[in-house]
Amino acid sequence: MNWDEKCVLELSHHNLFESTEQRSRFRDLVNCYYRYPFFTKGLCKCMYMASWDDIHFYEILPMLNDMTIEKTNAIRLMTDWGQKQLRQLSGFDAEAYRLSTSFLTGTYYKLPDFSVMDADDAHIIRQTLLASVLIDELPDPHS
């Protein structure tokens, strides 16, 4: 079984997909990019969060395509893009970029005050954090 299949199966086993559409979007992203040298577990976590809806799914695709062209500094390209977006956003979108940046850079993520967040947005952040723990437990995708 390929790494992408193991990942999707693990997240499915823990009921971390809210719909077949979310599962399909995530599966498509991971299947397409997990073999690239820039693919990391941190990027996989970003893909999971982006798979929640079409808007974020279609937002990450151009960046992933640019990364396939860039190759050597691909993750840096995405991190820089995320930090630029952070300066322009607020609310849930800003929180999602903060979380994504922490995944990509391996830095500490300070949990937001979930009591002041929209319930659906808080749910996405919580589910993404649960998925990140499971993704971390998988073997290295490049081994």
Side-chain angles (χ1 to χ4, degrees), residues 1-114 117-118 120-143:
M1 181 180 302
N2 292 330
W3 191 91
D4 61 321
E5 295 165 332
K6 288 178 190 175
C7 184
V8 171
L9 186 62
E10 184 67 17
L11 298 182
S12 296
H13 177 71
H14 287 87
N15 299 314
L16 288 172
F17 296 112
E18 303 280 318
S19 67
T20 55
E21 293 82 10
Q22 180 195 11
R23 185 178 188 277
S24 293
R25 286 187 293 263
F26 178 74
R27 185 189 65 235
D28 290 349
L29 287 173
V30 175
N31 180 267
C32 186
Y33 294 100
Y34 86 94
R35 290 183 182 95
Y36 282 92
F38 61 77
F39 184 86
T40 63
K41 290 180 181 182
L43 180 58
C44 184
K45 296 169 191 179
C46 294
M47 291 175 170
Y48 174 80
M49 192 161 38
S51 72
W52 275 83
D53 58 39
D54 283 337
I55 294 168
H56 293 97
F57 176 76
Y58 289 117
E59 188 175 285
I60 198 172
L61 282 177
M63 179 52 53
L64 291 167
N65 289 331
D66 288 348
M67 290 168 68
T68 61
I69 295 166
E70 180 68 24
K71 293 184 177 128
T72 55
N73 296 317
I75 290 296
R76 185 74 192 149
L77 182 72
M78 188 170 203
T79 304
D80 290 348
W81 179 68
Q83 296 206 352
K84 179 182 174 188
Q85 292 294 99
L86 254 173
R87 291 189 291 271
Q88 302 171 16
L89 299 170
S90 61
F92 171 73
D93 285 329
E95 197 60 47
Y97 276 101
R98 263 190 286 288
L99 181 54
S100 293
T101 300
S102 76
F103 288 152
L104 294 171
T105 60
T107 56
Y108 175 75
Y109 173 72
K110 183 179 184 254
L111 288 175
D113 182 356
F114 289 118
M117 288 182 86
D118 175 79
D120 290 338
D121 295 343
H123 179 69
I124 292 170
I125 297 293
R126 284 188 181 107
Q127 293 296 89
T128 300
L129 291 169
L130 289 172
S132 77
V133 171
L134 296 172
I135 291 166
D136 281 340
E137 292 175 355
L138 292 169
D140 185 330
H142 300 292
S143 58

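Side chains included, hydrogens not; waters and symmetry mates left out as well; all remaining heavy atoms used. Not measured: the values here are computed from a predicted model.
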Student: Within the 4.5 Å heavy-atom criterion, are Met67 and Leu43 side-chain neighbours or not?
Tutor: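 Side chain of Met67 against side chain of Leu43, heavy atoms only: contact under 4.5 Å found.
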Student: Can you measure from CD1 (Ile125) to CG (Asp120) and round to the nearest 0.5 angstrom?
Tutor: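 The CD1 atom of Ile125 sits 12.0 Å away from the CG atom of Asp120.
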Student: Could you tell me the separation between the CD atom of Glu59 and the CG atom of Leu64, rounded to the nearest 0.5 Å?
Tutor: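 Reported value, rounded in 0.5 Å steps: 11.0 Å.
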Student: Which label fits His142 and Phe39: parallel for a plane angle under 30°, tilted from 30 to 60°, or perpendicular past 60°?
Tutor: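 If you compare the ring of His142 with that of Phe39, the planes turn out perpendicular.
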Student: Should the heavy atoms of other residues, nucleotides or ligands under 6.0 Å from CD1 of Ile55 be counted, would the total exceed 12?
Tutor: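 Counting neighbours around CD1 of Ile55, 12 or fewer heavy atoms of other residues, nucleotides or ligands fall under 6.0 Å, so no.
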Student: Compare every heavy atom of Met117 with every heavy atom of Phe92, then report the nearest pair and how far apart it is.
Tutor: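 Result for this residue pair: CD1-CE, 4.2 Å.
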Student: Starting at SG of Cys32, measure out to CZ of Arg27 and round the result to the nearest 0.5 Å.
Tutor: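 Reported to 0.5 Å precision, the distance equals 12.5 Å.
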Student: Side chains of Leu16 and Glu10, heavy atoms from C-beta outward: is any pair under 4.5 Å?
Tutor: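 A side-chain contact under 4.5 Å is absent here.
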Student: Do Gln127 and Trp52 have side chains that get closer than 4.5 Å, going by heavy atoms?
Tutor: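 Yes; the side chains approach each other to less than 4.5 Å.
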Student: Check Tyr33 against Thr68 and note the closest heavy-atom contact, atom names and distance.
Tutor: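 Closest approach of Tyr33 to Thr68, heavy atoms only: CE2-CG2, 3.6 Å.
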Student: What's the spacing between Asn2 CG and Cys7 SG if we round to 0.5 Å?
Tutor: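 If we round to the nearest 0.5 Å, Asn2:CG and Cys7:SG are 12.0 Å apart.
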Student: Check whether any side-chain heavy atom of Arg76 lies under 4.5 Å from a side-chain heavy atom of Asp80, and answer yes or no.
Tutor: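 They are in side-chain contact.
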Student: Measuring from Met49:CE to Leu129:CG, what's the distance to the nearest 0.5 Å?
Tutor: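 Atom-to-atom, Met49:CE and Leu129:CG are 8.5 Å apart.
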Student: For the residue pair Leu11 and Phe17, what are the closest heavy atoms and their distance?
Tutor: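 Heavy-atom minimum between the residues: CB-CE1, 3.6 Å.
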Student: Could you tell me whether a side-chain N or O of Trp3 sits under 3.5 Å from a main-chain N or O of Pro139, the two making a donor and an acceptor?
Tutor: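 Confirmed, Trp3 side chain pairs with Pro139 backbone.
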Student: State, yes or no, whether a side-chain contact exists between Leu104 and Met78 at a heavy-atom distance under 4.5 Å.
Tutor: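 In short, these two side chains touch, coming nearer than 4.5 Å.
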Student: Taking atom types as modelled, find out whether Tyr34 and Glu5 have a side-chain donor-acceptor pair closer than 3.5 angstrom.
Tutor: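 Looking only at side-chain atoms, Glu5 and Tyr34 do not form any donor-acceptor pair under 3.5 Å.
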Student: Of the non-hydrogen atoms in Ser51 and Arg25, which two are nearest, and what is the gap between them?
Tutor: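 That closest heavy-atom pairing would be O-NE, 2.7 Å.
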Student: Find out whether Gln22 and Tyr48 are in side-chain contact, i.e. whether some heavy atom of one side chain is under 4.5 Å from a heavy atom of the other.
Tutor: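 Of all side-chain heavy-atom pairs linking Tyr48 with Gln22, at least one is under 4.5 Å.
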Student: Taking the side chain as C-beta and beyond, is there a heavy-atom pair between Leu134 and His14 under 4.5 Å?
Tutor: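 Yes, close enough: below the 4.5 Å cut-off.
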Student: So, do Lys45 and Leu99 sit near enough that their side-chain heavy atoms are less than 4.5 Å apart?
Tutor: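 Answer no - side chains too far apart.
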Student: Can you measure from CD1 (Ile60) to CE (Met63) and round to the nearest 0.5 angstrom?
Tutor: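 The distance works out to 9.0 Å.
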Student: Compare every heavy atom of Ser102 with every heavy atom of Tyr109, then report the nearest pair and how far apart it is.
Tutor: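 So the two residues come closest at CB-OG, 3.5 Å.
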Student: Under a 3.5 Å threshold, yes or no: a donor from one side chain and an acceptor from the other, between Asp53 and Tyr58?
Tutor: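 Note: Asp53 and Tyr58 side chains miss the donor-acceptor criterion.
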